[in-house]
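First up is the structure itself, then whatever we jot down about it.
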Amino acid sequence: MMNKLLTTILLTLLATTLVSAGTTTTTVNGIYNVKDYGAKGDGKTLDSPAINAAIEAAVRDGGGQVLLPAGTYLSGSIRLKSNIDLHLSAGCTVLAAPTSMKAYDESESFGGFPEYQDGGHTYFHNSLIWAEGQTNISITGHGMIDGQGLTRKDTENAGNVQGGSIGTGDKAIALKLCRQVTIRDITIYRGGHFGIIMTGCDLSTIDNVTIDTNRDGFDIDCCKYMTITNCKINTPHDDALVLKSSYALKKPVICEHIAISNCNITGYKCGTLLDGTYVPEPVGWVCGRFKLGTESNGGYRNISLTNCTFMYSSGLAFEEVDQGRMENIVVSNVTMSHVHHYPIYITTGCRNRGPKEVTRMSSARDIQISNVIADDCDSLCSIIVTGMKDEPIRNVWLSNIRLYFKGGGTRDLVNKDYREQGTNYPEPKFAGWTPAYGLYARHVEGLHVSDVTFRYERPEYRPAVVLDDVRDVTLKDIDAPTEAGIEQVVRFW
């Protein structure tokens with residue numbers, strides 16, 4: 001009798017009885033099991049109402065862990081709140097519901113303010129998991145988010161001017177104006193328009209996340225004080241890891257103090273990273289790159305990328321074209337294989353997608369790239385560094401770089417009238433082959449290149465280096481072959 005009484009007392013101390021939606025549930029040690037709130041996890045029942053009920057119960061108690069045990073949870077919008085850890089256990093799959101179920105929240109109004117970015121960067125509530133203005137939130141665990149029911153299309157002009165047709169789920173995870181965010185250990189398969197978008201978020205950690213998707217993997221927009229580590233990102237048709245600085249917060253906000261390390265970026269056919277077959281995408285071009293831009297109203301500052309690998313993807317793209325500033329960028333210890341279009345691209349332009357009263361020119365300075373090896377690079381583009389005539393890119397260091405190209409450039413390309421960036425979309429494929437096979441630079445002040453090796457497979461009749469309107473140049477230890485009669489370095493003043 002005494003043992004039974006002690007057991008009853010202990011259970012009372014460990015458990016708090018809650019009543020939610022008429023259902024009696026038991027919460028142990030601050031863990032809120034969604035099955036206690038009516039979730040089935042059978043892949044057929046819409047479980048998002050039960051998941052949201054568990055979140056609300058935890059919020060009433062001051063926070064806690066909302067636990068999804070093993071199972072498949074068919075889901076519409078999940079609304080993450082402050083002091084909540086949404087924990088996806090091993091064996092758990094959050095399966096995005098189809099549009100026909102109309103299970104997603106309607107996208108919010110942007111308040112009548114003009115949009116200077118597409119709907120994917122503007123609307124958040126029509127996502128699978130979303131939060132706005134929340135603090136101390138996390139999504140953790142070794143479970144999976146499968147965005148089967150999410151759209152991969154740009155839907156902002158389809159049916160609903162607020163951001164897509166009603167009932168359409170757009171992104172897997174969308175967070176806006178949140179602080180102290182942690183996303184760790186989860187896997188995202190088929191992430192919709194974006195796998196993860198974070199806009200205006202501070203003090204965040206993303207670690208050991210795997211994304212295998214057909215559109216963008218990570219979109220980090222107007223954020224600061226963030227680390228992204230140990231992630232695997234497969235995005236054959238769009239950007240893998242992209243930092244942006246859009247006008248989604250209705251003002252230019254710089255994206256700054258972002259440290260990225262130990263990540264793998266690939267462009268295999270969607271799904272084959274996860275199943276381990278690693279099938280190269282059968283199309284002639286894939287994306288899967290690390291990029292700053294194109295949305296760049298505020299710009300980027302104090303960004304580092306180190307110890308990362310790229311396979312079957314484009315390389316590094318740093319693009320400032322919307323009147324922001326790009327400065328203090330450091331890249332080191334990067335390997336690439338089977339590089340599409342270009343290994344390294346740095347540009348400024350005057351697309352100026354923003355308020356017309358802003359008259360500042362885009363600018364870029366103090367960019368350092370070192371210890372890079374890339375093989376099987378397309379010969380369409382070399383390393384490209386292009387500023388603007390009235391606002392050159394300033395202070396670029398390129399050192400200890402080895403690039404191996406397919407070759408095949410013709411002699412006449414050295415005199416090609418290579419287009420100015422101007423208002424064009426900043427993508428080298430639209431400009432075509434560069435005048436140089438190794439390094440092409442124009443409108444640059446302060447270009448310092450040392451210990452760089454270029455090689456090619458097929459005969460290459462372009463110079464290794466072409467400099468056009470480049471001042472304060474240092475070229476040291478450039479190992480770059482040329483065909484008979486072709487100069488190694490050509491300079492246009």
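Side chains included, hydrogens not; waters and symmetry mates left out as well; all remaining heavy atoms used. Numbering starts at 1 and runs along the sequence shown.
The residue from Lys171, Glu115, Lys176 that alone fulfils the side chain to side chain donor-acceptor pair (under 3.5 Å) condition with Tyr123 is Glu115. Among Asp118, Thr294, Asp221, the single residue meeting the side chain to side chain donor-acceptor pair (under 3.5 Å) criterion with Ser246 is Asp221. A side chain to side chain contact (heavy atoms under 4.5 Å, CB included) with Ser296 is found for one member of Leu243, Val321, Ile254 and no other, namely Val321. Considering Asp146, Asp212, Asn214, Thr213 as possible partners of Arg190, the one that fulfils the side chain to side chain donor-acceptor pair (under 3.5 Å) test is Asp146. Only one option out of Ile346, Leu292, Leu305 pairs with Leu316 in a side chain to side chain contact (heavy atoms under 4.5 Å, CB included); it is Leu305.
No hydrogens or angles considered: nothing links the side chains of Thr135 and Gln180 as a donor-acceptor pair under 3.5 Å. Side-chain N/O atoms of Ser82 and Asn136 include no donor and acceptor closer than 3.5 Å. A donor and an acceptor atom, one from each side chain of Thr140 and His87, are located under 3.5 Å apart. Counted by atom type alone, Thr266 and Asn234 present one or more donor-acceptor pairs between their side chains at under 3.5 Å. Counted by atom type alone, Thr229 and Asp207 present one or more donor-acceptor pairs between their side chains at under 3.5 Å. Side-chain N/O atoms of Ser245 and Asn297 include no donor and acceptor closer than 3.5 Å. Side-chain polar atoms of Thr347 and Thr386 form a donor-acceptor pair below 3.5 angstrom. A donor-acceptor pair shorter than 3.5 Å cannot be found between the side chains of Asn208 and Asn230.
The two residues Val34 and Ala54 make their nearest non-hydrogen contact at CG1-CB, 4.0 Å. Minimum interatomic distance between Trp130 and Ser77 (heavy atoms only, all atoms of both residues): NE1-CB, 4.0 Å.
Taking the side chain as every heavy atom from C-beta outward, Val94 and Ile51 never approach each other to under 4.5 Å. No side-chain heavy atom of Thr434 sits less than 4.5 Å from a side-chain heavy atom of Tyr342. In this structure, the side chains of Glu132 and Phe124 stay at 4.5 Å or more apart for every pair of heavy atoms. Side chains of Ser370 and Trp397 form no contact here, defined as non-hydrogen atoms less than 4.5 Å apart. The closest side-chain heavy-atom distance from Val181 to Ile139 is not below 4.5 Å. Within the 4.5 Å cutoff, the side chain of Cys381 has no heavy atoms near those of the Tyr345 side chain. Under the 4.5 Å side-chain criterion, counting only non-hydrogen atoms from C-beta, Leu67 is in contact with Ser89. In this structure, the side chains of Phe218 and Ile260 stay at 4.5 Å or more apart for every pair of heavy atoms.
With rounding to the nearest 0.5 Å, the separation of OH in Tyr73 from OG1 in Thr45 is 11.5 Å. Within the model, atoms CG of Asp85 and CG of Leu80 stand 9.0 Å from one another, a figure rounded to the nearest 0.5 Å. Rounding to the nearest 0.5 angstrom, the gap separating the CD1 atom in Ile401 from the CD1 atom in Ile383 is 5.0 Å. How far CD1 of Ile384 is from OH of Tyr418: 4.0 Å, rounded to the nearest 0.5 Å. Atom OH of Tyr456 is separated from atom SG of Cys377 by 15.0 Å, given to the nearest 0.5 angstrom. To the nearest 0.5 Å, the span separating CE on Met198 from CG on Leu177 amounts to 11.0 Å.
Separation of the Phe194 and His121 ring centroids falls under the 6.0 Å cut-off.
Between the Lys250 side chain and the Phe110 main chain, a donor and an acceptor come within less than 3.5 Å of each other.
Here Asp216 pairs with Lys244 in a salt bridge; the nearest charged N to carboxylate O distance falls below 4.0 Å. Salt-bridge check for Arg289 with Glu427: passed, with a basic side-chain N closer than 4.0 Å to an acidic carboxylate O.
For the salt bridge (Lys or Arg N to Asp or Glu O under 4.0 Å) condition, the pairs that include at least one residue of residues 38-58, sequence neighbours left out, are Glu56-Lys81.
By the 30° and 60° cut-offs, the orientation of the rings of Tyr268 relative to Tyr312 is tilted.
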**OP:** Start with the C-alpha distance between Thr72 and Thr93, add both sets of side-chain angles, then the distance that settles side-chain hydrogen bond (donor to acceptor under 3.5 Å, both in side chains), and finish with yes or no.
**Re:** CA-CA 5 Å; Thr72 299; Thr93 297; 4.6 Å; no

Subject >> Check against side-chain hydrogen bond (donor to acceptor under 3.5 Å, both in side chains), Ser337 and Asp375 >> reply: CA-CA 5 Å; Ser337 288; Asp375 62 42; 3.2 Å; yes

